[in-house]
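Okay, structure first, notes after.
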Amino acid sequence: MQEAYLLLGSNQGDRLQWLQQAICMLALLCGNLLQKSSVYETAPWGLEAQPHFLNLALLLETDKSPEALLESLQDIEEMLGRRRAELWGPRTLDIDILTYGNEVMHTEKLTIPHLFLHKRRFALAPLAEIAPNFVHPQLHKTIATLLAECSDPLSVCLYDGFLAR
Ligand code: ATP
Ligand code: CA
Ligand code: CA
């Protein structure tokens with residue numbers, strides 16, 4: 001078993017509903033959900049002319065390899081209406097692997113920890129809520145430190161529509 005931190009995001013349609021459904025599918029198909037952050041509303045990163053996102057981070061305990069996990073995440077994205085279009089464009093659902101245990105890997109399909117984790121406030125803020133003391137296995141700094149040092153100016157706010165816990 002390994003513990004992976006994931007980031008979920010949606011900026012199309014009923015955003016909260018996509019996140020809720022993704023959480024159900026993750027629990028059904030990928031393993032045990034051990035922790036879940038609040039939901040955050042975040043300004044789009046990379047491609048700014050698109051609706052704001054809702055994001056949340058969670059901790060998944062899984063027996064899947066990183067590659068098998070990625071495949072399952074992509075299946076869930078597809079089942080929940082994701083159509084692959086432009087990179088960083090609008091989507092009903094995006095699920096990224098932020099970290100997988102303490103692994104560091106870089107292949108054609110997977111970069112772990114996620115390449116932009118430390119550059120994105122929208123990923124660091126939810127992750128810091130559930131894992132402030134987790135040490136980034138490549139940068140050797142805690143998530144709380146990376147958030148404090150992050151220069152991403154894009155807004156990240158707690159969202160007040162709550163998910164059932
Ligand atoms: P970003 O990865 O910058 O957040 P994105 O989520 O919009 O961009 P996608 O279109 O969802 O990008 O995914 C593109 C590819 O990224 C996937 O097909 C996958 O192979 C690859 N990838 C590399 N590292 C990861 C990771 N840690 N988690 C998820 N996908 C990854
Ligand atoms: Ca992403
Ligand atoms: Ca993705």
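For reference, positions follow the sequence shown, starting with 1. Just follow the structure's listing: the first ligand is 1, and inside any ligand the first atom is 1.
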Given Glu3, which partner from the list Asn102, Leu34, Thr62 fulfils the side-chain contact (heavy atoms from CB on, under 4.5 Å) test?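 Filter result, single survivor: Leu34.
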
Neighbour list for ligand 1 [protein residues, heavy atom under 4.0 Å]: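 Only Leu70, Gln74, Arg82, Arg84, Leu87, Trp88, Arg91, Asp94, Asp96, Ile97, Lys109, Leu110, Thr111, His114, Phe116, Arg120 have heavy atoms that fall under 4.0 Å of ligand 1, ordered by chain and number.
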
Polar protein atoms near the Ca ion (ligand 2) [N, O or S; cut-off under 3.0 Å]: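 N, O, S partners closer than 3.0 Å: Asp94 OD2, Asp96 OD2.
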
Pair Ile143-Asn133, side-chain contact (heavy atoms from CB on, under 4.5 Å): steps then yes or no: CA-CA 6 Å; Ile143 300 303; Asn133 299 319; over 6 Å; no

Would you list the pairs meeting side chain to side chain donor-acceptor pair (under 3.5 Å) in which at least one residue belongs to residues 146-157, sequence neighbours left out?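 Matches after skipping sequence neighbours: Lys141-Glu149.
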
In terms of relative ring orientation, are Trp45 and Phe116 parallel, tilted or perpendicular, with 30° and 60° separating the classes?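 Tilted, since the angle between the ring planes falls between 30° and 60°.
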
Salt bridge Glu41-Arg15, side-chain N to carboxylate O under 4.0 Å: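 Result for this pair is yes, salt bridge flagged.
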
Name every donor-acceptor pair, under 3.5 Å, that has one atom in a side chain of residues 49-61 and the other anywhere in the protein, sequence neighbours excluded.
residue	atom	partner	partner atom	Å
Gln50	OE1	Asn11	ND2	2.9
Gln50	NE2	Leu47	O	2.7
Gln50	NE2	Trp88	O	2.7
Asn55	OD1	Thr42	OG1	2.8
Asn55	ND2	Leu8	O	3.2
Glu61	OE1	Asn32	ND2	2.9

Between CD on residue Gln17 and CG on residue Leu80, distance to nearest 0.5 Å: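 With rounding to 0.5 Å, CD (Gln17) is 8.5 Å from CG (Leu80).
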
Hey, what do you get for NE2 (His136) to OG1 (Thr99), rounding to the nearest 0.5 Å?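 His136 atom NE2 to Thr99 atom OG1 measures 8.5 Å (nearest 0.5 Å).
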
Glu78 and Gln74: side-chain donor and acceptor closer than 3.5 Å?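 The answer is no; no qualifying pair exists.
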
